[in-house]
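Heavy-atom basis, side chains included; hydrogens, waters and symmetry copies ignored. Chain A is the first sequence line, chain B the second, and so forth, proteins listed ahead of strands; every chain is numbered from 1.
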Number of protein chains: 2
Amino acid sequence: MRKRLSDTVEDYLKMIYKLSADTERVGTGQIAEALEVSPASVTDMFQRLANENPPLLDYIKHQGVKLTNEGRKIALEILRHHRLLELFLHEVLGYSWDQVHAEADRLEHVISEKFEERVAVVLGDPQRGLHGEPIPNRNLEMPDHPTSYLHDMRPEQRGVIHSVSDDDPGFLRFLKTQGLVPGAEFSVVDFSPYDNNLRLQVNGQDQEIVLGASVTAQLKVEIKNAS
Amino acid sequence: MRKRLSDTVEDYLKMIYKLSADTERVGTGQIAEALEVSPASVTDMFQRLANENPPLLDYIKHQGVKLTNEGRKIALEILRHHRLLELFLHEVLGYSWDQVHAEADRLEHVISEKFEERVAVVLGDPQRGLHGEPIPNRNLEMPDHPTSYLHDMRPEQRGVIHSVSDDDPGFLRFLKTQGLVPGAEFSVVDFSPYDNNLRLQVNGQDQEIVLGASVTAQLKVEIKNAS
DNA sequence: ACAATAATTTAGATTAGTCTAAAATATAAT
DNA sequence: ATTATATTTTAGACTAATCTAAATTATTGT
């Protein structure tokens, strides 16, 4: 039976997990920015979590942190909660895809193992969330998933939207109007090197669309091999 | 838009509401006992909540507290959450009637207005909870409900179980085995003045049952008029 | 009516999570 | 290689919620 952690600690671990996708170690500043707290608070928390028993973080002064296995388990558990909850809110309670995030962010810390399990059963043990994200399984193993962003694609390439970041309702509504939902196929028509804009043709949409870097960096894609 | 209150504050208000059913003012000691905190902590909280703006409690030194209208609204909101959640966990997620309480106790502080509303709709705007308790309506008005306890009934009287206290899983399982669920009709067969035991004949049960005061004081009843 | 007992309140301390301001350390630039 | 800039850490302080121990106020029994 694991010691009950505060919502705050869980939020730190979740965020460290997310940012670890890009960099080996996550720095004080990144977390401070993402969690909207001061860098001093982050340093403090890094130290506390590294001194837990067992340690949840591996912390090196001035070089940031890495999750320990313990810490990662907790992050994955919360992520599983979050993604199951988002789906549940949509499927069972009729939330739209831009409304689910905020509610799931609060509920994820509070539901029991039993709740998690029941929701998983009701939803038929899904492996992908409402916004396409992989859902860690019961044993907290993360399914394989692509790691490329639309941002890095270039003309001629074809791909499928895999998942989109879920936290900004306005952004999600925008994506929907453009047909940029998980599973949507597209091809890159043009790339503009000065602003990193990409022009896409999305299957089933009449008009081509042009997307800036701040959009394309939020979209994970599966790149189709040229045939 | 009301200021966000801590779970702790909500728990105090909820408990004060519950204990106010019996006494006009609720004392420090009662709350300390019910919430399992020290009397000193309770005094402190009483003072803080009475000094809020607007005040949530009307506090008189050494005489305990009474909810203000503001305070009562919050208590009723939490109670509505709790009772809707218990039903929801049972109906939608298949929890048994002794398992719902602990989960609802955590979720009640965290769900949004929207969640509350969606759950109410899915459940068809119920007026009674899983254990028979009245559910405050959307405007936080408490429906009329009986205030008598089985404890105070005497031989010859007939009644219907209205509601049972929901917090002890073992007690709830016991009640179910005895057929003592909301809606069950019964008549009082015998009363034993020394230990306050009551002997009941519950409709549909073969055997008469004898219940001690610590059980009968937990059961709200609707007393049937003799015909 | 007054002492004994019980309940409540005050005082002072602790912990988690946060902050600002100052100090220390890295990184980058010339 | 040395200075300038940016980042991180330390130090000290605040708030909410709790505690224990001591002081105060009520209640009760004779």
> By side chain to side chain contact (heavy atoms under 4.5 Å, CB included), which residues pair with D190(A), not counting sequence neighbours?
Replying inline: R199(A)
>> Suppose we screen for side chain to side chain contact (heavy atoms under 4.5 Å, CB included). Which residues come up paired with D22(B), at least two apart in sequence or across chains?
In response: Y149(B)
>> Just to verify, what does H151(A) make a ring pair (Phe, Tyr, Trp, His ring centres under 6.0 Å) with, not counting sequence neighbours?
In response: none
> Of all residues at least two apart in sequence or in a different chain, which pass the salt bridge (charged side-chain N to carboxylate O under 4.0 Å, His left out) check with E117(B)?
Replying inline: R138(B)
>> Any base atoms under 4.0 Å from Y59(A), or only sugar-phosphate, or nothing? Heavy atoms, all strands.
In response: sugar-phosphate
>> For a quick check, with a 4.0 angstrom heavy-atom cut-off, what is the B/S/- contact string for nucleotides 16-26 of chain C, read 5' to 3'?
In response: SSBBB----S-
> Under the salt bridge (Lys or Arg N to Asp or Glu O under 4.0 Å) rule, what pairs show up with a residue in residues 89-105 of chain A, not counting sequence neighbours?
Replying inline: K14(A)-D105(A), D98(A)-R173(A), E103(A)-R106(A)
> What residues, two or more places apart in sequence or in another chain, satisfy salt bridge (charged side-chain N to carboxylate O under 4.0 Å, His left out) together with D58(B)?
Replying inline: R25(B)
>> Using a 4.0 Å cut-off to any heavy atom of chain B, which nucleotides of DNA chain D are the first and last in contact, reading 5' to 3'?
In response: dA16(D) to dT25(D)
>> So, using salt bridge (charged side-chain N to carboxylate O under 4.0 Å, His left out) as the criterion, who are the partners of D167(A) when residues are at least two apart?
In response: none
> Considering residues at least two apart in sequence or located in another chain, which fulfil the side chain to side chain contact (heavy atoms under 4.5 Å, CB included) criterion with E77(B)?
Replying inline: R2(B), H81(B), E113(B), E116(B), L140(B)
> What pairs with R4(A) under salt bridge (charged side-chain N to carboxylate O under 4.0 Å, His left out), at least two apart in sequence or on another chain?
Replying inline: D7(A), E10(A)
>> Heavy atoms within less than 4.0 Å of DNA chain C: which residues of residues 17-25 of chain B have one? Give them sorted by number.
In response: none
> Can a salt bridge be assigned to the pair R128(A) and E133(A) using a cut-off of 4.0 Å between side-chain N and carboxylate O?
Replying inline: no
> What's the CD-C1' distance between E33(B) and dT8(C), to the nearest Å?
Replying inline: 15 Å
> For T28(A), which contact category applies under a 4.0 Å heavy-atom criterion: base, sugar-phosphate, or nothing?
Replying inline: sugar-phosphate
